[in-house]
Peer 1: 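Please see the structure below; I have some questions.
Protein chains get the first letters and strands the later ones, always in sequence-line order, with residue 1 at the start of each.
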Amino acid sequence: MRQSRYFIQTLREIPSEAEVVSHQLMLRASMIKKVAAGIYDYLPLGLKVIRKVENIIRENMNKAGAIELLMSVVQPAELWQSSGRWNHFGKELLRFKDRGNRDFCLGPTHEEVITDIVKSQVNSYKQMPVTLYQIQTKFRDEVRPRFGLMRGREFIMKDAYSFDIDDAGADVSYQKMYDAYKAIFTACGLAHKVVDADTGSIGGSFSHEFMVLADTGEDTIISCNKCEYSANVEKAVVVDSGEKENAALKDMEEVATPNKHTALEVAEFLGVDIIHVPKTMIIRCEGVVVDGREEDIYVACMVRGDHEVNLSKVKNVVKAKSAEFAEHYEVLDKTGCSIGSLGPCNMPLKVYVDNALKYLCNIVVGANKEGYHIKNVNLERDAKIEGYFDIRNAMPKDKCPHCNGEYQETKGIEVGHIFKLGTKYSESMGAKALDKNGKNIPIVMGCYGIGVGRTAASAIEQHYDEKGIVWPKAIAPFEVVVIPLNTNDDEVIAKSDEIYNGLLSLGVDVIIDDRNERAGVKFNDAELIGYPLRVSVGKKSLSEGRIEVVIRRTGEVIFLDLSNNLADKVKEILDTKVI
RNA sequence: CGGGGCGUAGCGCAGGGGUAGCGCGCCUGUCUUGGGAACAGGAUGUCGCAGGUUCAAAUCCUGUCGCCCCGACCA
């Protein structure tokens, strides 16, 4: 490729819309262009990176025995109604009507479509196991898209689905994807970690997330400092441990706490340790089965003043489809008291308490009366509670559930997520097959996703410097740039062309920056775009009988003496010294 | 959905009732050629959109749309 004829317009200044490094550099390097919030065009340079990521994924999926197909982007409402998700997926599902007033949506994921396909094509255990995948544009109408390709509304995703006749088979299929994912992110040159995760709106029995480690990541990873255990903070188990405080139980005492709302404010006002001032929060739990019917209920949850409630855990404890903090008006409506003075005593809602509170006595809680708290409360004595549960976020220093180590916290970007679905979709949608005994049973499923654009963006988050992107070789838009420094010098041009053509014939993905620009301009652009290897040919170095090769990542400079196999030598450096 | 900010040239920004500006980029020429050169000349705008006030609106008022950030998890 000749850069003078290619389509690259780099920017010197950072467009004001970009906040994070990957977004800034992708815009400056002319890789993407915004169309609307969370929707981007992939310019030629960006598309090259996307395609490389896709091909690495494809190669490893095929190697793992998965088979590629391509499903429709537009999906009819009926499919989503049959799984029950038409009503449960929420506003992220972009819905619309066709000219005949029929309901459709843009596919945010494809469990329904793939289950429908398999339902109509697979009848027997003999046709399984089978894992199908596609690489395709998805649309999710995110509440708040941000950070360029990191959280877009329209984005490219690889999604795969496995089908097995039994649980044991499904576990094997899951493990194959697990291994393939590790191979994929390793091949992309990304430092990553696999963590236990919550299944979220997809559902299923267990799941793992693949996290690229980067300080700018939106996800919090909890991991043990001694063993291999690591999990998303949403999922990380908190061990129930501690010793009951050994203090005499005092009598309850109502105290005025005017305008003190937060646990910290109340603790300071009363001169009490914040640990003894737990927070009581009202949570709306949707889709809870009560007397055989699904209902939305409200519950009160208590955690220690220095802890945070974990909604995923509450959702699981209450056995709800979703759990959200109640709005102010809901709290007032359900408890007769506003936020800031809530407590477990005489609470009209069911009260779920975090394990950590089991070990405290004489605590301070809201009086369910505006501006008042109650001192010296002891939950077993003074309140009616549902029991003690693990409903808080794990924190650094918490004990590991698997060894005697303790938790630590790191930030990560979720680039892949795999789920053991079980029979959730096959049962609701009636995807069954005959087993060896001739019995018709629901197929056991798994689903597996990779964010392609997010993978590319997180590669930048992990690999950049003050000059620009430092692409891992495997996903760089071009592996090598050849720069003739004096475009008016025939000898320089001839030598550059010779190396460029030589590399081309060796199968190297190479670009020659033949623009009539000064050296500084080309160097700066090369560094911004992040070509892993740069070959400079100048009048000066030719007169010294050599050319210069620079490795972007390390800055290492290698001089090659002039010979008729320079391309081979450059390729050798690329193969052996560039990662 | 709540709060804040911003919409003026491709990008970054200034201007703030009286004919639209600067830097970078872009075009032409001269010159230069190993780290974003210099000089000369030049092109580019429905000042987000719609109403209103005014002799006159990018500027003031009203509405609206778009974009960005923060929050929507700790009471």
Side-chain angles (χ1 to χ4, degrees), chain A residues 9-20 23-24 27-28 30 33-39 90-91 143-148 220 233-234 257 259-267 274 277-284 300-315 323-332 335 337-343 354 365-366 368 370-371 373 391-393 395 467-468 483-489 492-493 513 515-528 534-544 547-548 550 557:
Chain A
Q9 289 75 282
T10 57
L11 295 173
R12 279 201 209 187
E13 306 208 53
I14 302 169
S16 57
E17 70 188 56
E19 193 73 9
V20 296
H23 190 197
Q24 293 175 345
L27 288 170
R28 286 187 57 209
S30 189
K33 180 183 182 305
K34 186 173 73 197
V35 181
I39 302 176
K91 289 186 179 170
V143 200
R144 183 137 104 86
R146 55 183 149 176
F147 305 152
T220 302
V233 71
E234 291 176 358
T257 49
N259 299 318
K260 304 298 175 195
H261 295 296
T262 67
L264 188 60
E265 284 168 1
V266 172
I274 190 164
V277 187
K279 302 181 274 202
T280 305
M281 280 148 291
I282 308 304
I283 292 164
R284 175 177 7 95
C301 289
M302 296 182 70
V303 297
R304 234 167 61 179
D306 59 329
H307 287 159
E308 294 180 358
V309 165
N310 180 313
L311 289 175
S312 306
K313 291 182 180 178
V314 172
K315 183 191 78 181
E324 296 292 336
F325 285 94
E327 301 291 336
H328 289 231
Y329 69 88
E330 294 173 291
V331 173
L332 200 56
T335 68
C337 177
S338 64
I339 285 166
S341 304
L342 295 169
D354 184 66
V365 301
N368 291 327
E370 189 71 36
H373 279 72
I391 54 170
R392 72 167 172 96
N393 279 344
M395 305 214 301
K467 291 173 172 171
I483 303 184
L485 295 167
N486 320 91
T487 44
N488 56 354
D489 185 296
V492 168
I493 293 294
D513 191 351
R515 294 175 299 165
N516 183 21
E517 292 286 352
R518 297 167 67 88
V521 173
K522 298 193 197 184
F523 287 153
N524 282 306
D525 275 347
E527 279 152 351
L528 172 62
R534 182 179 95 201
V535 179
S536 307
V537 181
K539 226 182 335 192
K540 194 174 107 195
S541 60
L542 284 186
S543 72
E544 292 163 352
I547 60 161
E548 179 195 89
V550 181
V557 181

Peer 1: Do A/Glu527 and B/rG35 share a donor-acceptor pair, side chain to base, under 3.5 Å?
Peer 2: yes
Peer 1: Pairs counted as Watson-Crick or G-U wobble with both distances under 3.5 Å: what dot-bracket string results for RNA chain B, using | for bases tied to another strand?
Peer 2: ((((((((.[[[[.)..(..]]]].(((((.......))))).....[[[[[..)....]]]]])))))))....
Peer 1: Can you sort out the partners of A/Lys279 under side chain to side chain donor-acceptor pair (under 3.5 Å), two or more places apart, ordered by chain and number?
Peer 2: none
Peer 1: Could you pull out the protein-nucleic contacts involving nucleotides 23-27 of chain B (nitrogen or oxygen on both sides, under 3.5 Å)?
Peer 2:
from, atom 1, to, atom 2, distance (Å)
B/rG23, N2, A/Glu13, OE2, 3.2
B/rG25, OP1, A/Arg12, NH2, 3.1

Peer 1: Listed by chain and number, what are the side chain to side chain donor-acceptor pair (under 3.5 Å) partners of A/Ser338, not counting sequence neighbours?
Peer 2: A/Glu370
Peer 1: Between A/Ser16 and B/rG12, is there a side-chain N or O to OP1/OP2 distance below 4.0 Å?
Peer 2: yes
Peer 1: Taking OP1 and OP2 of B/rC1, is either one under 4.0 Å from a side-chain nitrogen or oxygen of A/Arg144?
Peer 2: no
Peer 1: Go nucleotide by nucleotide along RNA chain B from the 5' end; which of A/Leu11 and A/His307 gets its closest nucleotide reached first?
Peer 2: A/Leu11
Peer 1: Which part of the nucleic acid, if any, lies within contact of A/Ile14, taking any heavy atom under 4.0 Å across all strands shown: a base, the sugar-phosphate backbone alone, or nothing?
Peer 2: sugar-phosphate
Peer 1: Scan A/Lys34 against the nucleic acid and name what it touches under 4.0 Å (heavy atoms): base, sugar-phosphate only, or nothing.
Peer 2: sugar-phosphate
Peer 1: Can you give me the N/O atom pairs linking the protein to nucleotides 29-32 of chain B at distances under 3.5 Å, or say none if there are none?
Peer 2:
from, atom 1, to, atom 2, distance (Å)
B/rU32, O2', A/Arg518, NH1, 3.4
B/rU32, O2, A/Arg518, NH1, 3.0

Peer 1: So which one's nearest nucleotide on RNA chain B is more toward 5', A/Ala519 or A/Leu311?
Peer 2: A/Ala519
Peer 1: Under the rule for ring pair (Phe, Tyr, Trp, His ring centres under 6.0 Å), what residues qualify as partners of A/His307, not counting sequence neighbours?
Peer 2: none
